[in-house]
Amino acid sequence: MASSYNTVTVDTTADEIIPFNAQRSGLVIKNNGSVIVYIVFDASVTTSNGIPIVPQDSFTLMGTTIFKTAVYGITSSASADVRWFDWAI
């Protein structure tokens, strides 16, 4: 099983959280910050169209049919420390 992980800072402009991974079979995104982070699977993320991850919560996807594209995030104010992990089986 191959895996990748990193820490990124997400702020009020669209930031790539996780890069494209053609082999991805699962991912976890943890909002380790104190503001809500909104995510989508392209760079058009806004606070209106993104999936919210509240502070200290996480978002998990698993399965062979999950999105392989990059994941982007944004906040409405301040910066957030975001941790991620993805894997391929």
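Looking at Val37 and Pro52, their side chains never come closer than 4.5 Å, going by heavy atoms from C-beta outward.
Sorted by first and then second residue, the pairs that involve residues 77-86 and meet salt bridge (Lys or Arg N to Asp or Glu O under 4.0 Å), not counting sequence neighbours, are Arg24-Asp86, Asp81-Arg83.
For the side-chain contact (heavy atoms from CB on, under 4.5 Å) test, residues two or more places apart in sequence or in another chain that qualify with Leu61 are Leu27, Phe41, Phe59, Ile66. For Ala70, the side-chain contact (heavy atoms from CB on, under 4.5 Å) test picks out Glu16, Tyr72, with sequence neighbours left out.
Ala14 and Val45 make their closest contact through CB-CG1, 3.7 Å (heavy atoms, listed as atom of the first residue, atom of the second, distance). Nearest approach of Gln23 to Ala88, heavy atoms of both residues: O-CB, 2.9 Å. Residues Ser79 and Val35 share a closest heavy-atom pair of O-CG2, 4.0 Å. What you find for Ser4 and Trp84 is that their closest heavy atoms are O-CZ3, 3.5 Å. Considering all non-hydrogen atoms of both residues, Val40 and Gly50 come closest at CG1-CA, 3.6 Å.
Among Ile53, Ile17, Asn32, the one residue that satisfies the side chain to side chain contact (heavy atoms under 4.5 Å, CB included) test with Val82 is Ile17.
Of the possible polar contacts, none joining the Gln56 side chain to the Ser34 backbone as a donor-acceptor pair under 3.5 Å is found. A donor-acceptor pair under 3.5 Å is formed between the side chain of Ser25 and the backbone N or O of Trp87.
Separation of atoms OG1 (Thr47) and OH (Tyr38) is listed at 5.5 Å; rounding is to 0.5 Å. With rounding to the nearest 0.5 angstrom, the NZ atom of Lys30 is 7.0 Å from the CG atom of Asp57. Of the inter-residue distances, the one linking Ser76 atom OG with Asp11 atom CG reads 11.5 Å to the nearest 0.5 angstrom.
In the hydrophobic clustering of ILVMFWY residues, with side-chain heavy atoms under 4.5 Å counting as a link, Ile18 and Phe67 come out together. Under a hydrophobic-cluster definition in which Ile, Leu, Val, Met, Phe, Trp and Tyr are linked whenever side-chain heavy atoms come within less than 4.5 Å, directly or via other members, Ile29 and Val8 are assigned to the same cluster. Val54 is not connected to Ile51 by any chain of hydrophobic side-chain contacts under 4.5 Å among Ile, Leu, Val, Met, Phe, Trp and Tyr, and they are in different clusters. Put simply, Ile39 and Val28 are part of two different groups of oily side chains (I, L, V, M, F, W, Y) that touch within less than 4.5 Å, one to the next.
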